[in-house]
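In this chain, residues are counted from 1 in sequence order. All heavy atoms count here, side chains included; hydrogens, waters and symmetry mates do not.
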Amino acid sequence: MNRIYLDHNATTLLLPAAQTAVIEAMGQLGNASSVHSNGRSVRLLLEEARSQVADYFTVKPSQIVFTSGATEANNMILKGFSGRIITSAIEHDSVLEANKAALRCQVDSEGRVDLNHLEELLKGSDQPTLVSIMTANNETGVIQPLADIVTIARQYGAKIHSDAVQGIGKLATNWANLKLDFISLSGHKIGALQGIGALVVNEHSPITPLLRGGGQERYYRSGTENTVGIVSLGAAIKAYTSQDWSGIERLRDQLETQLLQICPTVTIFGQKAPRLPNTSCFATPGIASNTQVMHFDLMGISVSAGSACSSGKVKISPVLQAMGVKEPTLGQSLRLSLGQSTTPQDSQKFIDTWRQLYERTQKNLKERIAS
Ligand code: PLP
């Protein structure tokens with residue numbers, strides 16, 4: 001059976017350009033830190049990839065620090081900053097867990113950061129402050145008002161970090177205009193390999209290394225570089241960010257319209273806010289998240305409950321909780337994240353499968369009430 005993959009916010013397939021770059025790099029023997037020719041050849045590959053990432057962000061190559069992924073990049077910033085940190089209640093765990101003492105800015109019922117609360121938190125302290133707010137949420141797809149956040153944070157002299165993992169390529173963000181101090185990204189969300197990511201660092205905002213040792217990555221991140229991963233990221237970023245998402249957005253919107261036609265009491269989270277073009281997070285009355293994920297899996301469709309532990313279990317979503325969603329809706333959410341390969345047929349198969357499950361659940365419920 002040809003499976004349908006609607007979980008692109010979890011990970012993406014390696015793009016052809018990245019695959020070609022990976023195969024080339026795998027044939028190279030050498031450590032980028034070695035001074036001999038073998039080492040220098042690998043160094044060339046690595047620096048080319050650094051320039052490709054830098055070009056996307058319109059920064060100098062020296063502002064890119066390669067890491068093992070966004071989790072490490074986020075930890076570097078959140079653990080390394082000395083001063084007060086303000087983040088939001090809907091960040092990825094790699095931000096929330098990296099610094100539990102951080103102040104949490106509230107979000108509204110659509111999942112957008114409450115700018116008044118942000119300003120309140122910023123007021124009344126002369127400590128150095130870092131504001132860390134994601135570009136777009138991985139569960140709901142809700143896009144954060146980064147330009148406004150930057151304006152407010154700058155008024156209070158704060159540094160600004162954004163976990164941009166889900167926004168890269170899917171949003172036409174002008175990173176140069178935003179002038180953030182730090183940006184985290186992850187390779188496997190944009191068609192590169194898993195286990196590679198990067199931190200973009202403003203030249204005037206020094207960072208503290210998490211890993212010390214051989215002094216690679218200009219002493220910011222010691223350890224022999226993951227050359228194969230790095231070249232995959234360099235190749236992928238250009239290919240991924242030149243894709244057009246408008247067709248996928250239309251498909252997502254049509255899918256949501258169909259859901260609501262079949263069941264008008266479906267809750268679509270963040271629907272009134274600007275969202276990523278590929279993401280839909282919604283709750284189906286009467287059906288637990290777990291049941292839905294398992295049902296779709298058996299029917300050959302990979303979806304996610306929005307919030308999964310590393311153990312693979314579904315947990316209650318802190319993101320939806322922060323948006324004020326209550327039980328039973330809280331436990332009935334499902335996240336679809338479409339990719340460039342998603343077709344209208346995939347979307348229709350999803351709808352048909354969902355309709356079947358929904359109608360069967362309704363029928364069972366009516367029978368139970370009647371008996
Ligand atoms: N931040 C966000 C918003 C994510 O969605 C993810 C992955 O799910 C991460 C960070 C972690 O990225 P990585 O897998 O590269 O560590």
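Looking at every heavy atom in both residues, V142 comes nearest to G270 through CG2-CA, 3.7 Å. Taking every heavy atom of both residues into account, T67 and A198 meet most closely at OG1-N, 3.4 Å. Listed here is the closest heavy atom pair of S94 and N75: O-ND2, 3.6 Å. Of all non-hydrogen atoms in I133 and S88, the two that sit nearest each other are CD1-CB, 3.8 Å. Among all heavy-atom pairs drawn from L118 and C105, the shortest one is N-SG, 3.6 Å. Closest approach of S184 to H161, counting heavy atoms only: OG-NE2, 2.8 Å.
Inter-residue side-chain proximity for T20 and V22 is flagged as unmet; no heavy-atom pair is nearer than 4.5 Å. Looking at Q332 and T284, their side chains never come closer than 4.5 Å, going by heavy atoms from C-beta outward. Side-chain atoms of S222 and E217, non-hydrogen and from C-beta on, never get closer than 4.5 Å to each other. By the 4.5 Å heavy-atom criterion applied to side chains, L320 and T140 are counted as neighbours. Between L185 and L233, the closest side-chain pair of non-hydrogen atoms falls below 4.5 Å. Under the 4.5 Å side-chain criterion, counting only non-hydrogen atoms from C-beta, V266 is in contact with W354. Residues N99 and K79 have side chains not in contact (no heavy-atom distance under 4.5 Å, counting atoms from C-beta outward). Within the 4.5 Å cutoff, no side-chain heavy atoms of L255 are placed close to those of L251.
Residues I143, L171 make up the rest of the hydrophobic cluster containing L276, defined by ILVMFWY side-chain heavy atoms closer than 4.5 Å, directly or through other members. In the hydrophobic clustering (ILVMFWY side chains linked at under 4.5 Å, chained through shared members), I207 is joined by V65, M76, I77, L78, F81, I85, V95, L130, F182, L199, V201, L210, L211, Y220. Residue L365 is found in a hydrophobic cluster whose other members, listed by chain and number, are I369; membership requires side-chain heavy atoms under 4.5 Å apart, directly or through intermediates.
Within the structure, every pair that satisfies the salt bridge (charged side-chain N to carboxylate O under 4.0 Å, His left out) test and touches residues 149-173, not counting sequence neighbours, is listed here: R154-D181. For residues 195-208, every residue pair satisfying the salt bridge (charged side-chain N to carboxylate O under 4.0 Å, His left out) rule, not counting sequence neighbours, is listed here: K60-E203. Applying the side chain to side chain donor-acceptor pair (under 3.5 Å) definition to pairs two or more places apart or across chains, those involving residues 260-283 are N9-N278, N9-T279, E256-R275, E256-S280.
Using a 3.5 Å distance cut-off with no hydrogens or angles, the side chains of N116 and E120 do not pair a donor with an acceptor. Between the side chains of T151 and D148, not a single donor N or O lies within less than 3.5 Å of an accepting N or O. For Q194 and T11, the side-chain atoms include at least one donor-acceptor pair closer than 3.5 Å.
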request  = Determine, stepwise, if the pair Q166 / T135 fulfils side chain to side chain contact (heavy atoms under 4.5 Å, CB included).
outcome  = CA-CA 7 Å; Q166 299 291 346; T135 304; over 6 Å; no
request  = List the steps and the verdict of side chain to side chain contact (heavy atoms under 4.5 Å, CB included) for F282 and S333.
outcome  = CA-CA 5 Å; F282 60 90; S333 72; over 6 Å; no
request  = In sequence, state the C-alpha distance, the side-chain angles, and the governing distance for H295 and R360, and then conclude on side chain to side chain contact (heavy atoms under 4.5 Å, CB included).
outcome  = CA-CA 12 Å; H295 176 78; R360 196 177 68 201; 4.1 Å; yes
message = What verdict does the side chain to side chain contact (heavy atoms under 4.5 Å, CB included) test give for R43 and L46, after you've listed the backbone C-alpha separation in whole Å, the side-chain angles of each residue and the deciding distance to 0.1 Å?
response = CA-CA 5 Å; R43 167 65 55 196; L46 218 143; 3.9 Å; yes
request  = Show your reasoning for whether side-chain hydrogen bond (donor to acceptor under 3.5 Å, both in side chains) applies to S302 and R3.
outcome  = CA-CA 7 Å; S302 297; R3 288 192 65 86; 3.0 Å; yes
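The structure places OG1 of T173 at 7.0 Å from CG of L178, a figure rounded to the nearest 0.5 Å. Once rounded to the nearest 0.5 Å, the distance linking NZ of K349 with OG1 of T343 reads 11.0 Å. Between atom CD of residue Q258 and atom CG of residue D253 there is a gap of 11.5 Å, rounded to the nearest 0.5 Å.
V200 and I237 end up in the same hydrophobic cluster when Ile, Leu, Val, Met, Phe, Trp and Tyr side chains are linked at under 4.5 Å. V42 and L44 fall into different hydrophobic clusters, where Ile, Leu, Val, Met, Phe, Trp and Tyr are joined by side-chain heavy atoms under 4.5 Å apart, directly or via other members. Both I262 and L259 are members of a single hydrophobic cluster when ILVMFWY side chains are connected at heavy-atom separations under 4.5 Å. No continuous path of ILVMFWY side-chain contacts below 4.5 Å connects V165 to V59, so the two sit in separate hydrophobic clusters. Cluster membership check: F296 shares its hydrophobic cluster with I4, using side-chain heavy-atom separations under 4.5 Å among Ile, Leu, Val, Met, Phe, Trp and Tyr.
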Do any side-chain atoms of residues 322-331 form donor-acceptor pairs under 3.5 angstrom with protein atoms, and if so which ones, sequence neighbours left out?
from	atom 1	to	atom 2	distance (Å)
E327	OE1	G331	N	3.3

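Y240 and W245 have tilted rings, their planes meeting at an angle from 30° to 60° on a 0 to 90° scale.
A donor-acceptor pair is defined here as one N or O able to donate and one able to accept, closer than 3.5 Å; such a pair exists between the side chain of T208 and the backbone of G80. Under the 3.5 Å distance criterion, the side-chain polar atoms of H8 are matched with a main-chain donor or acceptor of G339. Checked by atom type and distance alone, the side chain of R112 never pairs as donor or acceptor with a backbone atom of V107 at under 3.5 Å. Judged by distance alone, with hydrogens and angles left aside, the side-chain atoms of S232 form no donor-acceptor pair with the main-chain N or O of A192 at under 3.5 Å. In this structure, the side chain of T342 does not engage the main chain of L338 through any donor-acceptor pair within 3.5 Å. For the pair R50 (side chain) and I64 (backbone), a donor-acceptor distance under 3.5 Å is present. Checking side-chain atoms of S371 against main-chain N and O of R368 turns up a donor-acceptor pair under 3.5 Å. In terms of modelled atom types and a separation under 3.5 Å, the side chain of T129 and the main chain of A158 share no donor-acceptor contact. Judged purely by atom type and a 3.5 angstrom limit, H117 uses its side chain to pair as donor or acceptor with the backbone of Q106. Side-chain N or O atoms of S317 include one that pairs as donor or acceptor with a backbone N or O of V319 at under 3.5 Å.
In this view, Q52 satisfies the side-chain hydrogen bond (donor to acceptor under 3.5 Å, both in side chains) rule with no residue, not counting sequence neighbours. With sequence neighbours left out, the side-chain hydrogen bond (donor to acceptor under 3.5 Å, both in side chains) criterion links D7 to R335. Scanning for side chain to side chain contact (heavy atoms under 4.5 Å, CB included) contacts around H204 gives N202, with sequence neighbours left out. The salt bridge (charged side-chain N to carboxylate O under 4.0 Å, His left out) test applied to E72 returns R221, not counting sequence neighbours. By the ring pair (Phe, Tyr, Trp, His ring centres under 6.0 Å) test, Y156 is found to be paired with no residue, residues two or more places apart in sequence or in another chain being considered.
E359 and R355 are joined by a salt bridge, as a carboxylate oxygen and a charged side-chain nitrogen come within less than 4.0 angstrom of each other. Salt bridge present: E367 and K363 bring a charged side-chain N and a carboxylate O closer than 4.0 Å. A salt bridge is absent between D126 and R84; no separation between the charged side-chain nitrogens and carboxylate oxygens falls under 4.0 Å.
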